[in-house]
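Report on one structure; see the data block that follows.
Numbered from 1 within each chain, the chains take letters A, B, ... in sequence-line order.
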Amino acid sequence: DQQVKQNSPSLSVQEGRISILNCDYTNSMFDYFLWYKKYPAEGPTFLISISSIKDKNEDGRFTVFLNKSAKHLSLHIVPSQPGDSAVYFCAARKTSYDKVIFGPGTSLSVIP
Amino acid sequence: KAGVTQTPRYLIKTRGQQVTLSCSPISGHRSVSWYQQTPGQGLQFLFEYFSETQRNKGNFPGRFSGRQFSNSRSEMNVSTLELGDSALYLCASSYTSGGAEQFFGPGTRLTVL
């Protein structure tokens with residue numbers, strides 16, 4: 001039973017355009033959400049997070065939106081750059097001391 | 001500050017063997033979590049150790065075990081290897097238990113023949 005879902009295994013976007021990566025979750029107890037980026041042959045690196053008390057968090061070119069009623073969050077990258085090409089994992093956690101549950105990832109390709 | 005290190009980076013084993021993977025967290029981090037990554041499955045949580053105690057455990061068989069030492073270094077052991085255990089095993093450290101913003105190592109690529 002996958003509690004964190006990323007239904008698009010891959011996404012291609014032109015350089016300079018917006019990339020939107022989507023994530024859905026099933027457990028309403030999740031209170032903290034994160035996005036990680038992973039390049040080949042490297043471990044994932046933390047990108048941005050959002051608490052369930054917020055609906056938006058922004059960090060430079062990266063913005064995460066949370067819609068709790070729909071159990072949906074999205075990561076927007078504007079403008080997209082070729083260096084953004086990586087696998088993006090959505091993750092969620094229930095409580096401060098609970099394990100982090102990761103989605104299966106979306107592979108983003110930014111085409112120059 | 002040195003990052004999370006994992007050794008070895010690559011391993012080839014045969015079915016039935018056992019394997020031990022090692023992880024050294026970032027200095028000062030007391031939590032170490034282990035994940036298994038396979039194509040299409042994302043990162044599957046194995047377990048988390050904090051101050052030498054297992055705090056959380058995922059849904060893996062008992063063949064997968066781990067431990068943490070007083071210096072926060074952690075080891076993961078897989079006994080009686082199966083072909084399906086072939087995967088990238090990632091270790092992540094954080095300052096607190098369940099710390100959401102984890103720092104990952106590069107992983108150990110295990111191939112079981």
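- Heavy-atom distances place both the backbone and the side chain of A:Pro44 under 4.5 Å from chain B.
- Within 6.0 Å of CG on B:Asn71 lie more than 12 heavy atoms contributed by other residues, nucleotides or ligands.
- Clustering ILVMFWY residues whenever any of their side-chain heavy atoms sit less than 4.5 angstrom apart, transitively, puts A:Leu47 in a cluster other than the one holding A:Val87.
- Closest approach of B:Lys57 and A:Lys99 over heavy atoms only: O-NZ, 3.6 Å.
- Among pairs with a residue in residues 15-55 of chain A, those fulfilling disulfide (SG to SG under 2.5 Å) read A:Cys23-A:Cys90, at least two apart in sequence or across chains.
- Linking ILVMFWY residues whenever their side-chain heavy atoms come closer than 4.5 Å, directly or via other members, leaves B:Leu21 and B:Val4 in distinct clusters.
- Neither the backbone nor the side chain of B:Gln6 has a heavy atom closer than 4.5 Å to any heavy atom of chain A.
- Neither the backbone nor the side chain of A:Thr45 comes within contact range of chain B; no heavy atoms are under 4.5 Å apart.
- Ranked by heavy-atom pairs under 4.5 Å with chain A, the list B:Cys91, B:Gly58, B:Gly42, B:Gly105 is led by B:Gly42.
- Only the side chain of B:Arg9 has a heavy atom closer than 4.5 Å to any heavy atom of chain A.
- When the shell of 6.0 Å around CZ of B:Phe103 is examined, it contains 12 or fewer heavy atoms from other residues, nucleotides or ligands.
- In B:Arg15, the CZ atom is not crowded: 12 or fewer heavy atoms of neighbouring residues, nucleotides or ligands sit closer than 6.0 Å.
- Interface with chain B: from residues 103-112 of chain A, residues A:Gly103, A:Pro104 qualify, criterion being any non-hydrogen pair under 4.5 Å.
- The hydrophobic cluster containing A:Val100 does not contain A:Ile48, counting ILVMFWY residues as joined when their side-chain heavy atoms lie under 4.5 angstrom apart, directly or transitively.
- Linking ILVMFWY residues whenever their side-chain heavy atoms come closer than 4.5 Å, directly or via other members, places B:Phe64 and B:Val32 in the same cluster.
- The OH atom of B:Tyr35 sits 11.5 Å away from the CZ atom of A:Phe89 when rounded to the nearest 0.5 Å.
- By the criterion of side-chain heavy atoms lying less than 4.5 angstrom apart, applied directly or through intervening Ile, Leu, Val, Met, Phe, Trp or Tyr residues, A:Leu73 is not grouped with A:Tyr32; the two fall into different hydrophobic clusters.
- Residue A:Phe46 comes nearest to B:Gln102 through the heavy atom pair CB-O, 4.4 Å, listed as atom of the first residue, atom of the second, then distance.
- Nearest heavy-atom pair across A:Phe102 and B:Leu43 is CB-O, 3.7 Å.
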